[in-house]
Amino acid sequence: MYVIYCQGGRELSVVRQLADKGLTAYAPRRVVLERRHRVWIKREILLFGGYVFLDCEGLTPEIWQTVKNCCGTLRILSRSQLSDTEEEYIRFLCNDGRALGISRGYVSGGALHITDGFLRRFEHRIIRYNKRGKRATADVTIYGKHYEITLGCEFDVPPVAPSISSGT
């Protein structure tokens, strides 16, 4: 998997152009909740603006030329592939071309515990959360550089442990 740097706003166009030429590429998207006129709405936005991930085994001259000829591509960030760990993260974030949904969780003891959704796998990488904004931020490493990804998260009331009575 390789990373293509492209013009902002052209990511999905580049993905379509590459698909038309027989190459698999992804522009990971996420669903977030935004408050507009006192109503929470769901909105789909890009996870990494300006980046497209090309899924291929090797960067042959033909593939390089195909990518270069797509309208909106600027350059391929590296001639080397992502590491296995980074590629696993990106494949998971690409979600087979579908947008990442909203996770659910609760805060207990100052830590966020994810009960359902995409963030469940990244719970150990969450660096901060915003209950009011209904978002959580996790850390992901790509080409050795740390990126923060912010995903939608709805917060529930923490579960209450049952109290044990002595019966007297």
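Excluded from the calculations below are hydrogen atoms, water molecules and symmetry mates; all remaining heavy atoms, backbone and side chain alike, are included.
- Two residues are said to be in side-chain contact when any heavy atoms from C-beta on lie closer than 4.5 Å; Gln7 and Leu74 meet this criterion.
- With Arg135 contributing its side chain and Leu151 its backbone, the two residues share no donor-acceptor pair below 3.5 Å.
- Residue Phe53 holds its CZ atom at 14.5 Å from OH of Tyr2, rounded to the nearest 0.5 Å.
- You'll find the side chain of Phe118 reaches within 4.5 Å of the side chain of Leu93, heavy atoms only.
- Between Trp64 and Ile76, the closest side-chain pair of non-hydrogen atoms falls below 4.5 Å.
- The backbone N or O of Gly9 sits less than 3.5 Å from a side-chain atom of Glu11, completing a donor-acceptor pair.
- Side chain of Arg30 to main chain of Thr150: a donor-acceptor pair is present (N/O by atom type, distance under 3.5 Å, no hydrogens or angles).
- For the pair Ser103 (side chain) and Cys153 (backbone), a donor-acceptor distance under 3.5 Å is absent.
- Panel note: side chain Thr73, backbone Cys6; no donor-acceptor pair is recorded below 3.5 Å.
- Between Leu33 and Glu154 the shortest side-chain heavy-atom distance falls below 4.5 Å.
- Here the rule is side-chain contact (heavy atoms from CB on, under 4.5 Å) with Leu18, and of Val14, Val15, Asp20 only Val14 fits it.
- Aromatic ring orientation, Tyr5 versus Tyr51: tilted (interplanar angle from 30° to 60°).
- Contact check for Tyr129 versus Val107: side-chain heavy atoms found under the 4.5 Å cut-off.
- Across all their heavy atoms, Asp139 and Arg125 have their closest contact at O-NE, 2.6 Å.
- Side chains of Thr137 and Ile126 form no contact here, defined as non-hydrogen atoms less than 4.5 Å apart.
- Of the charged side-chain nitrogens involved, none lies within less than 4.0 Å of a carboxylate oxygen, so that Asp96 and Arg91 do not count as a salt-bridged pair.
- Under the 6.0 Å distance and 45° angle rule, Arg121 counts as a cation-pi partner of Phe92.
- A distance-only check finds a donor-acceptor pair linking the side chain of Asn130 to the backbone of Arg132 [under 3.5 Å].
- No hydrogens or angles considered: nothing links the side chains of Thr66 and Glu62 as a donor-acceptor pair under 3.5 Å.
- Enclosure of atom NZ in Lys42 is not indicated, since only 12 or fewer non-hydrogen atoms of other residues, nucleotides or ligands lie within 6.0 angstrom.
- With respect to the salt-bridge test (charged N to carboxylate O, under 4.0 angstrom), the residues Glu34 and Arg43 qualify.
- Counting only heavy atoms from C-beta outward, the side chains of Arg29 and Leu100 never approach each other to under 4.5 Å.
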